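Report on the following structure.
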Amino acid sequence: MIKLPKSNLLKRQRLSSLLGLALDGSRLDGLALRRTDGALHIQQTFSVSLSLDPLTNDPELVGREIRNHLDAVGVRERHCIVGLPLKWALTTHIEVPELPEADVAGFLQIEAERNFLCDVQTLHVVTSLSHTPSGKQHATLVGIPKNHLARLEQALRAAKLKPVSFSLAIAALQPPGADASNGVMALAIGETHVGLQVTAGGGLAALRALEGALEAEGSQRVLHADLVAREARITLGQLPAELRETVRRIRVFGPRDLARQL
């Protein structure tokens with residue numbers, strides 16, 4: 001999983017319950033988990049629409065709205081893990097030359113400063129490495145604006161929640177480092193876009209938010225599957241051939257009616 005700053009709470013104590021939240025546009029999805037017999041079990045799920053944008057509105061007001069929604073559905077758990085919107089992510093892809101392992105981090109730092117179209121100091125950057133069968137190494141760098149994280153954390157704390165960790169929601173659904181994820185294109189149907197993630201070579205090979213894939217027609221959402229297919233082909237075509245040839249499976253996440261169309 002691509003992970004972002006987290007507390008060390010999970011290392012210090014074994015939580016008996018946990019709240020999972022995923023923010024996507026104005027939609028906030030959640031589930032309450034409780035540990036029973038050594039495993040976490042889903043106790044409750046919910047989906048609500050936020051009228052206030054966490055990035056532009058006062059965090060105290062956003063937190064109050066979130067708290068009101070949680071109280072309305074009867075959620076009392078405080079510790080939470082949070083899935084971030086894919087739209088917040090900036091990405092760049094780099095072929096890593098043959099270097100001593102100790103020099104790779106410095107090389108990637110320089111490349112991040114060159115490739116991101118903003119001051120890299122304003123981003124929290126995480127790296128995922130992929131390896132081709134011939135031994136070449138490729139890196140995907142993902143940057144999340146630190147200000148976005150700070151404002152969201154302020155809102156969550158104003159909602160009387162205790163964030164344990166942050167990650168990209170699509171990477172939580174399809175963890176890049178898992179063996180079962182290798183050679184998979186994941187499509188996650190969001191509120192206004194379709195998230196696309198390709199995992200190959202033991203890491204993240206591509207990450208995109210496909211804008212225009214979803215449109216609202218009255219109370220219904222219309223999925224443009226042809227646009228998703230076209231952008232998926234373009235994304236695969238941009239991958240190194242050795243990685244592209246390993247991608248053989250597609251996993252679709254989202255509402256059943258829209259997922260069937262894909």
Side-chain angles (χ1 to χ4, degrees), residues 1-10 18-30 47-70 78-94 105-106 108-128 139-173 176 188 190-197 204 206-212:
M1 185 190 304
I2 298 179
K3 296 182 178 178
L4 297 165
K6 64 179 181 179
S7 77
N8 60 0
L9 180 64
L10 289 179
L18 192 64
L19 176 64
L21 297 173
L23 179 65
D24 178 26
S26 64
R27 194 180 74 213
L28 182 68
D29 296 319
S47 182
V48 298
S49 182
L50 300 179
S51 62
L52 299 178
D53 187 337
L55 298 184
T56 57
N57 292 104
D58 185 294
E60 290 293 330
L61 296 178
V62 176
R64 189 180 307 166
E65 182 182 13
I66 293 173
R67 184 72 258 163
N68 289 339
H69 281 304
L70 295 178
R78 295 292 193 251
H79 294 106
C80 63
I81 55 176
V82 185
L84 302 174
L86 182 55
K87 287 184 178 181
W88 289 9
L90 306 175
T91 62
T92 187
H93 305 274
I94 298 163
L108 292 177
Q109 174 66 26
I110 294 171
E111 289 299 304
E113 293 172 356
R114 291 177 52 192
N115 286 276
F116 282 119
L117 300 179
C118 63
D119 183 357
V120 74
Q121 298 302 318
T122 66
L123 302 175
H124 180 80
V125 179
V126 291
T127 302
S128 182
T140 297
L141 276 59
V142 182
I144 302 289
K146 292 178 180 178
N147 184 61
H148 289 16
L149 288 170
R151 292 187 66 88
L152 178 58
E153 184 168 8
Q154 290 172 19
L156 292 172
R157 294 194 182 281
K160 302 179 181 178
L161 296 173
K162 298 179 180 180
V164 175
S165 70
F166 296 90
S167 67
L168 288 175
I170 191 171
L173 292 169
E191 184 181 39
T192 61
H193 72 281
V194 172
L196 183 154
Q197 175 184 288
L204 181 68
L207 185 68
R208 295 183 60 195
L210 305 183
E211 302 288 354

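Treat the numbers as computed from the prediction; the structure is a model and nothing was measured.
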Quiz item: Thinking salt bridges, do Glu60 and Arg64 make one under a 4.0 Å N-O criterion?
Solution: no
Quiz prompt | Under 3.5 Å side-chain donor-acceptor pair for Glu65 and Ser51 | solution = yes
Exercise. Measure across Leu123 and Cys118 and return the closest heavy-atom pair with its distance rounded to 0.1 Å.
Key: CD1-SG, 3.7 Å
Quiz item: Could you state the interatomic distance from CD1 (Ile81) to CZ (Phe166), rounded to the nearest 0.5 Å?
Solution: 11.0 Å
Practice problem: Kindly compute the distance separating CG (Leu141) from CD (Glu111), expressed to the nearest 0.5 Å. | Solution: 9.0 Å
Quiz item: Looking only at heavy atoms, which two atoms of Leu204 and Thr140 are closest? And how far apart?
Solution: O-OG1, 2.7 Å
Exercise. Check Arg151 against Thr56 and note the closest heavy-atom contact, atom names and distance.
Key: NH2-C, 3.9 Å
Quiz item: Rounded to the nearest 0.5 Å, what separation is found between the CG atom of Leu161 and the CG atom of Leu156?
Solution: 5.5 Å
Quiz item: How long is the gap from CG on Leu50 to OG on Ser26, to the nearest 0.5 Å?
Solution: 7.0 Å
Practice problem: Quick one: pull up SG in Cys80 and CD1 in Ile66 and give me the separation to the nearest 0.5 Å. | Solution: 9.0 Å
Quiz item: Quick check: does any side chain N or O of Asp24 sit under 3.5 Å from a backbone N or O of Glu191, one acting as donor and the other as acceptor?
Solution: yes
Self-check item: Minimum heavy-atom distance between Pro176 and Ala171, given as atom pair plus value
Solution: CD-O, 3.9 Å
Quiz item: For the residue pair Ala158 and Pro59, what are the closest heavy atoms and their distance?
Solution: CB-O, 3.8 Å
Self-check item: Considering all heavy atoms, the nearest Arg78-Lys160 contact
Solution: CD-O, 2.6 Å
Quiz item: At what distance, to the nearest 0.5 angstrom, does CG of Leu86 lie from CG of Leu23?
Solution: 12.0 Å
